[in-house]
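Notes follow the structure.
We're numbering straight along the sequence, starting at 1. Any value given below was found using the heavy atoms of this structure, including those in side chains, with hydrogens, waters and symmetry copies removed.
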Amino acid sequence: MLKAICSGKELTDSVFYCCVSDIIDAPELEKLKEITHHISTTRFQHCLNVSYYSYRLCRAFHLDARSAARAGLLHDLFYYDRKKYNAGKCKGQPSHSKKHSDIAVHNAEQITEINPKERDIIQKHMWPLTFSAPKYKETYIITFVDKYCAVLEFCIPKIKKITRSL
């Protein structure tokens, strides 16, 4: 089953899935299922969460939901351990927060053709840490949804643990 965090909806039977069906099973994305992200989830699940909720918001606001879904799925397409990268980086090297979006764009281009909006979304999803502001409304949505999903991914397991002990 393919579900976003806090959603009971099976995503393979949805219009959302049609937007990402050609890339979601790519071996490059499969690798993300083996990488822990935000302590309690995988990088793949995080990307799926961002993709799905950004898609929903963009549809609600009559924006480019397809580009948001695709870019959301590809926005953290990198394979290194970010904690090890930051611990071992040399003075003058960019931080993971600033560097990984360029790596994600490069990796996304190896899987599929990305349009200018998808490129902007992936490159600037860490704004305001990226110095240039997003060009599209969809980029702002992904930026905020990414942070929202990160908070959920950190908090949900802790809440479940607390409620189990009550």
Side-chain angles (χ1 to χ4, degrees), residues 1-80 82 97 99-127 129-130 132-157 160:
M1 290 187 81
L2 195 62
K3 292 184 179 182
I5 191 170
C6 297
S7 170
K9 185 173 182 169
E10 168 58 45
L11 298 181
T12 55
D13 298 330
S14 65
V15 177
F16 161 80
Y17 189 77
C18 294
C19 296
V20 298
S21 63
D22 64 315
I23 58 173
I24 200 163
D25 293 323
E28 295 86 351
L29 283 165
E30 286 291 318
K31 290 179 194 174
L32 300 181
K33 292 179 179 179
E34 300 168 13
I35 302 170
T36 302
H37 202 66
H38 298 148
I39 300 172
S40 64
T41 191
T42 66
R43 191 161 300 145
F44 176 83
Q45 186 64 52
H46 169 71
C47 290
L48 179 65
N49 296 339
V50 171
S51 175
Y52 177 67
Y53 289 114
S54 297
Y55 166 83
R56 298 273 316 261
L57 280 171
C58 286
R59 270 192 65 176
F61 290 119
H62 305 287
L63 299 172
D64 185 353
R66 183 179 189 278
S67 288
R70 295 174 70 77
L73 196 57
L74 301 168
H75 83 282
D76 275 345
L77 188 58
F78 63 94
Y79 307 106
Y80 62 86
R82 61 186 175 80
S97 297
K99 177 182 176 154
H100 80 276
S101 55
D102 289 331
I103 294 168
V105 166
H106 172 77
N107 290 339
E109 290 174 328
Q110 305 308 303
I111 297 171
T112 189
E113 190 173 317
I114 58 174
N115 66 37
K117 191 175 289 181
E118 293 164 349
R119 175 182 298 281
D120 190 72
I121 291 168
I122 297 167
Q123 282 183 322
K124 297 175 184 171
H125 78 272
M126 290 300 292
W127 180 81
L129 294 176
T130 56
S132 54
K135 187 174 179 180
Y136 303 97
K137 293 174 185 174
E138 293 85 352
T139 309
Y140 284 101
I141 287 175
I142 292 268
T143 298
F144 294 114
V145 169
D146 184 36
K147 281 47 169 184
Y148 171 75
C149 288
V151 169
L152 284 179
E153 293 157 7
F154 276 117
C155 295
I156 296 291
K160 285 181 179 178

Query - L77 side, atom CG; I122 side, atom CD1 - distance, nearest 0.5 Å - result: 8.0 Å

Query raised in the report: Are side-chain heavy atoms of K137 and D64 found at a separation under 4.5 Å?
Result: no

Requested in this report: Indicate yes or no for a side-chain donor-acceptor contact from S51 to the backbone of G72 under 3.5 Å, with no hydrogens or angles considered.
Outcome: no

Requested in this report: Any chance you could measure L63, atom CG, to L57, atom CG, to the nearest 0.5 Å?
Outcome: 9.5 Å

Query raised in the report: If we only count heavy atoms from C-beta on, is the Y52 to L11 side-chain gap below 4.5 Å?
Result: yes

**Report entry** Distance (rounded to the nearest 0.5 Å) between H125 NE2 and D120 CG
**Finding:** 12.0 Å

Report task. Assess whether atom CD of Q110 is packed by more than 12 heavy atoms of other residues, nucleotides or ligands within 6.0 Å. Result -> yes

Query raised in the report: Does some side-chain heavy atom of F61 sit less than 4.5 Å from a side-chain heavy atom of I141?
Result: yes

Report task. Give the minimum heavy-atom separation between K33 and T42, together with the two atoms involved. Result -> O-CG2, 3.3 Å

Query - Sub-4.5 Å side-chain heavy-atom contact between V145 and C149 - result: yes

Requested in this report: Tell me whether the guanidinium CZ or amine NZ of R43 lies under 6.0 angstrom from the six-membered ring centre of F78 and within 45° of its axis.
Outcome: yes

Report summary line: What one should report as the nearest heavy-atom pair of E138 and C58 is CG-SG, 3.8 Å

Query raised in the report: Is it the case that N107 and E28 place a side-chain donor and acceptor less than 3.5 Å from each other?
Result: no

Query raised in the report: Of the non-hydrogen atoms in E153 and H46, which two are nearest, and what is the gap between them?
Result: OE1-ND1, 2.9 Å

**Report entry** Candidate pair K124 and T143, rule side chain to side chain contact (heavy atoms under 4.5 Å, CB included), full reasoning
**Finding:** CA-CA 8 Å; K124 297 175 184 171; T143 298; 5.8 Å; no

Query raised in the report: Does the side chain of R59 reach to within under 4.5 Å of the side chain of R66, using non-hydrogen atoms?
Result: no

Requested in this report: Check the pair L2 / Y17 against side chain to side chain contact (heavy atoms under 4.5 Å, CB included), numbers first and verdict last.
Outcome: CA-CA 10 Å; L2 195 62; Y17 189 77; 3.9 Å; yes

Query - N/O donor-acceptor pair under 3.5 Å between N49 side chain and Q45 backbone - result: yes

Query - Y140 atom OH: more than 12 heavy-atom contacts under 6.0 Å - result: yes

Query raised in the report: What's the shortest heavy-atom distance between K117 and N115, and which atoms?
Result: N-OD1, 3.0 Å

Query - Stepwise side chain to side chain contact (heavy atoms under 4.5 Å, CB included) test for V50 and D76 - result: CA-CA 10 Å; V50 171; D76 275 345; over 6 Å; no

Query - Contact check, side chains of D102 and Q123, non-hydrogen atoms, under 4.5 Å - result: yes

Requested in this report: Could you grab the distance from atom CD1 of I142 to atom OH of Y136, nearest 0.5 Å is fine?
Outcome: 14.0 Å

Query raised in the report: Hey, mind stepping through I23 and R70 against side chain to side chain contact (heavy atoms under 4.5 Å, CB included) and telling me if it holds?
Result: CA-CA 8 Å; I23 58 173; R70 295 174 70 77; 3.8 Å; yes

Query raised in the report: Nearest 0.5 Å, what's the CH2-CD1 distance between W127 and I121?
Result: 14.5 Å

Requested in this report: Indicate yes or no: at least one non-hydrogen side-chain atom of D25 is less than 4.5 angstrom from one of E30.
Outcome: yes

**Report entry** Close side-chain approach of I24 and F44, heavy atoms under 4.5 Å
**Finding:** yes

Query raised in the report: Can you name the closest pair of heavy atoms from S21 and C18 and give their distance?
Result: OG-O, 3.6 Å

Query - Nearest atoms (heavy-atom pairs only) where Y55 meets C19 - result: CE1-SG, 3.9 Å

